[in-house]
Structure formats: C-alpha cells, structure tokens
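Atom set for the values below is all heavy atoms of this structure, side chains included, hydrogens, waters and symmetry mates excluded. Each chain gets a letter, A, B and so on, in the order its sequence line appears, and its residues count up from 1.
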Amino acid sequence: MTRKLPPTSANEDRPFFEQVYDLVRLIPYGRVTSYGALAAALGSPGAARMVGWALNKCHSVHPPVPAHRVVNRKGLLSGKHFFPGEGMMRDLLVSEGVRVEDDRICDFADCFWDPSTALDQL
DNA sequence: CGTCTGACGCACG
DNA sequence: GCGTGCGCCAGAC
C-alpha cells in the first residue's frame, strides 16, 4: 500500500484524527466528554490539542461528528465559537437534555462519558 | 528546515 | 480560585 508509516509512529492502522472521529461518534446521546479524555483513550494523554485540531476539520468529515458533545476538562464549551451558529453548540446540548449555563455544562461530572469504555466498540 | 499557532491540560506561585 | 508558563502533536507559513 501507499502507506509509509514511520517506525517511530505508534499509530494504529488508522490516523489519529480518524480515531478521534470514530470515538466522538460513539458518545451517547445526552452525554459529553473532554478532549483530554479522548486523547488519553487513544493512548496520547498529552494530545488533547490534537483532538481539538481534528474536530476543527470535522466539518469536512463524513459521517458528521457530534463535536458539540466534546468540551474541555472544565466543562466549558470552548468550541462553541467555531460552530456555524452562535450558541448552536449550547442549543444542541440543551436539546439533548444536558444542562448548560453560561456556556458551561452543569453537573459536568454527572453527564461526563468516559470514552475508554467504548474502546471495545472502536 | 525553523517558527508559530491551536476547540487542551497540568504544574507552579 | 486565578493567572502564567510549559508540554503535547500536527499542520501552516
């Protein structure tokens, strides 16, 4: 194949970005997770920024990725500013039953979903 | 090839 | 609890 993976790469047979997309798609309805949790589940606890980077380009990815269910470790909707509609991310979460106040998820720990529990589905 | 940025996270004060 | 600095990996310039 045209796949020339460097020996230093611990990548799976899929790019890190695609792994992020698949994992984010597994986020249950009405649940949320954090960038760091996704990165850690993928084996790169320090690649939280990469998760955000991957989600930034998720607009060109299909099937669509529920990026609105991904927030930072503080439960803050740090990515809301990147959505087409202002407040759209908040609206989506609220529509799913997630309580959001001032662009921050209430009871974040309660609705938090651990992506590592879905690695089996990935 | 060097440098900066980025939807983050953590250590430190 | 809050501000600052650094590290993480990948891409853009």
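When every heavy atom of A:L42 is checked against every heavy atom of A:L122, the shortest pair comes out as CD2-CD2, 4.3 Å.
Side-chain atoms of A:S34 come within 3.5 Å of backbone N or O of A:A37 as a donor-acceptor pair.
The interatomic distance linking A:L55 (CG) with C:dA10 (P) rounds to 15 Å, in whole Å. Put simply, CD on A:Q19 is 13 Å from C1' on C:dC9, counting in whole angstrom units. In this structure, A:M50 atom CE and C:dA12 atom C1' are separated by 13 Å, rounded to whole Å. Here the P atom of nucleotide C:dA10 and the CH2 atom of A:W53 are 12 Å apart, to the nearest Å.
Along DNA chain B, the stretch of nucleotides lying under 4.0 Å from any heavy atom of chain A spans, 5' to 3', B:dT5 to B:dC10.
Taking 4.5 Å as the limit, some side-chain heavy atom of A:V70 sits within range of a side-chain heavy atom of A:L38. Side-chain contact between A:R69 and A:V24 is absent, with no heavy atoms from C-beta onward closer than 4.5 Å. Contact annotation: the side chain of A:R31 never approaches that of A:F112 to less than 4.5 Å [non-hydrogen atoms, C-beta and beyond]. Residues A:V51 and A:L55 meet the side-chain proximity criterion, which asks for heavy atoms closer than 4.5 Å. Side-chain contact between A:L77 and A:R90 is present, with heavy atoms from C-beta onward closer than 4.5 Å.
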Using Watson-Crick and G-U wobble pairs with both distances under 3.5 Å, what is the 5'-to-3' dot-bracket string of DNA chain C, with [ ] for crossing pairs and | for pairs outside the strand? .||||||.|||||
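With sequence neighbours left out, the ring-ring contact (aromatic ring centres under 6.0 Å, His included) criterion links A:F17 to no other residue. Listed by chain and residue number, nothing satisfies the ring-ring contact (aromatic ring centres under 6.0 Å, His included) test with A:F82 (two or more places apart in sequence, or in another chain).
For DNA chain B, the residues of residues 61-77 of chain A within the heavy-atom distance limit of 4.0 Å (strictly under) are A:A67, A:N72, A:R73, sorted by number. Interface residues of residues 23-40 of chain A facing DNA chain B, ordered by number: A:S34, A:Y35, A:G36; criterion, heavy-atom separation under 4.0 Å.
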